[in-house]
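Worth knowing before you read on, the calculation uses all heavy atoms, side chains too, and leaves out hydrogens, waters and symmetry mates. Note that the numbering runs from 1 along the sequence shown for the chain. Note that ligands are numbered from 1 as they come in the structure, with each ligand's atoms numbered from 1 the same way. The shown structure was predicted, so the numbers you read here are calculated from the model rather than taken from an experiment.
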Amino acid sequence: MKPYLKRAWAEVSLGRLKKNVEVIKSLNSPGTEVMAVVKADAYGHGDEHIVRCLNAECGINYFAVSNLDEAIAVRKFAPVAEILILGYTPPEYAHEIAMYNIIQGVVSTEYANALVKNSKEPIRCHIKIDTGMGRIGLKHDTPAQCADEIAEMMKIDGLSVEGIYTHFAVADSDDPDDVAYTDKQQSFILDTYDILSERGICLKHVHFMNSAAACYRNSPRSTLSRAGIILYGLHPDISLDIPQGLEPIMELKAVISHVKTVNPGDCISYGRTFVADREMRIATVTIGYADGYSRLLSSKGEILVHGKRCRIVGRVCMDQLMIDVSCVPDAASGDIVTLIGREGDDCITADELASVYGTIGYEVVCGISKRVPRIYID
Ligand SMILES: *Cc1c(COP(=O)(O)O)cnc(C)c1O
């Protein structure tokens, strides 16, 4: 690492990523392939290194992203992989979809027509069905009606339909109502697929598994398992355990820039929200909300210093924050501290941080900002 970068950085372990892939592959049935979800810069981990590792070293050949820019980036890192865009691409860019040999998620007949009108080359697609997420996709009362629309879409000139898929809303819950809801979502897409097959339309792909489904309700009928958060070793839902062997792959570190003793009555940080009630050792750490370490962690978050948990005191600033290091007498300027990750026997995960301020681990890792260099280790 360049010395001037030794301020706040994220260490991403490709060795752990490879182990996570092994665990995910072992969960899947033989007929199911992993589709690595690498949207949002691989959930903040950096798509270039993650995709190259998954493709070249783990043999993963399917990737999912959220938009065309991400797809074109992934195309550079995995020249012959299949890349599915889960979200919206403006139809005027249909030509680029075809040029880069990308598969577009198609959400309606109208959208399919708009795409083919804008491209001379055929558009490869998977048709999205809204079975209960209420976000995007064909919406029908019965699988038969859904199959009817898909059969009509198959006739659109210049559209190559290679599969159908849906997205679960509550696969990360073990509440019986939620389980029944997900069962219904799954039956809907499988019934649609089977009706199409009976009519002689045999699609290569039908997929519906996200990370939660891969962990808690793996189905041999899903041709792909769209693994996102578990690739990065985090929980779809913090209240449920994830399979053994999955480990977080990102650690977030910073350094102590200044240590001082404060007296009772001294104030720390903006707003004077923290006032020392006794003599304390206070360290300043080189990370703030502009790095993606949320201001909502003010006076709440904990940071590992020499393996001990130290609480944030006062407000998190844009580039710095202060912690109480009274319990770590040898804490000194230049020491490396861990905001996410393991030190000795203790560990602070992105999932834990998320629960401190009422969000999910997904948002924590996606939110680590561009200013934070990602360092890749084994
Ligand atoms: C983001 C996303 C996924 C991955 O979800 P995880 O919970 O991270 O596994 C899968 N499918 C779709 C459609 C998505 O948008």
Side-chain angles (χ1 to χ4, degrees), residues 17 20-21 23-25 27-28 32-45 47 50-51 54 60 62-68 70-71 74 82-89 102-108 111 125-139 163-174 178 182 185-186 188-189 205-219 222-243 246 248-250 349-351 354 359-367:
L17 175 67
N20 289 348
V21 169
V23 174
I24 296 166
K25 283 183 177 170
L27 298 170
N28 287 341
T32 304
E33 290 215 48
V34 177
M35 171 178 260
V37 182
V38 293
K39 60 194 181 194
D41 204 19
Y43 290 40
H45 293 70
D47 57 5
I50 297 290
V51 169
L54 290 172
I60 287 187
Y62 289 92
F63 293 90
V65 295
S66 85
N67 63 57
L68 183 60
E70 292 177 354
V74 171
E82 298 288 19
I83 303 166
L84 172 65
I85 298 179
L86 300 165
Y88 178 70
T89 304
I102 285 160
I103 304 168
Q104 174 63 46
V106 161
V107 298
S108 68
Y111 182 58
C125 79
H126 288 191
I127 294 174
K128 179 73 184 286
I129 303 172
D130 180 4
T131 59
M133 175 70 181
R135 193 163 66 178
I136 45 173
L138 312 190
K139 193 160 158 47
I164 59 175
Y165 68 111
T166 196
H167 194 43
F168 289 151
V170 282
D172 57 347
S173 164
D174 58 2
D178 288 338
T182 310
Q185 285 195 267
Q186 182 168 321
F188 195 102
I189 186 148
H205 286 293
V206 51
H207 51 105
F208 43 84
M209 284 204 287
N210 55 5
S211 290
C215 292
Y216 310 122
R217 43 177 306 131
N218 205 289
S219 163
S222 191
T223 59
L224 300 170
S225 88
R226 301 190 306 264
I229 201 72
I230 53 174
L231 271 178
Y232 312 104
L234 299 177
H235 290 62
D237 184 298
I238 191 150
S239 67
L240 296 178
D241 285 339
I242 52 176
L246 294 172
I249 70 168
M250 184 201 280
T349 65
D351 289 325
T359 185
I360 51 178
Y362 295 72
E363 190 176 359
V364 170
V365 287
C366 289

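The only option from Asn28, Asn218, Asn210 that meets the side-chain hydrogen bond (donor to acceptor under 3.5 Å, both in side chains) definition with Ser225 turns out to be Asn28.
Distance from atom 9 (O) of ligand 1 to its nearest protein heavy atom, with residue and atom name: Ser211 OG, 2.5 Å. Protein heavy atom closest to atom 2 (C) of ligand 1, with residue, atom name and distance, is Lys39 NZ, 2.5 Å. The closest protein non-hydrogen atom to atom 4 (C) of ligand 1 is Tyr43 OH, 3.4 Å. If you check which protein heavy atom lies closest to atom 7 (O) of ligand 1, you get Tyr362 OH, 2.6 Å.
No hydrogens or angles considered: nothing links the side chains of Ser222 and Thr32 as a donor-acceptor pair under 3.5 Å. Looking only at atom types and distance, the side chain of His235 has no donor-acceptor partner in the side chain of Tyr362 under 3.5 Å away. Between the side chains of Asp351 and Thr349, not a single donor N or O lies within less than 3.5 Å of an accepting N or O. With no hydrogens or angles considered, a side-chain donor-acceptor pair links His205 and Thr223 at under 3.5 Å.
Residue contacts with ligand 1, taken as heavy atom pairs separated by less than 4.0 Å, involve Arg226 via backbone and side-chain atoms alike. At a heavy-atom cutoff of 4.0 Å, ligand 1 is contacted by the side chain of Arg135 but not by its backbone. When non-hydrogen atoms are compared, ligand 1 lies under 4.0 Å from the backbone of Ile229 as well as from its side chain.
Considering backbone and side-chain atoms alike, Asn210 places every N or O at 3.5 Å or more from each N or O of ligand 1. For ligand 1, the polar-atom distance check finds an N/O of Gly228 within less than 3.5 Å of one of the ligand's N/O atoms.
Counting only non-hydrogen atoms, the option in His167, His207, Met133 that gets closest to atom 13 (C) of ligand 1 is His167.
Side-chain atoms of Asp174 and Tyr216, non-hydrogen and from C-beta on, never get closer than 4.5 Å to each other.
Within a 6.0 Å radius of NZ in Lys25, more than 12 heavy atoms belonging to other residues, nucleotides or ligands are found.
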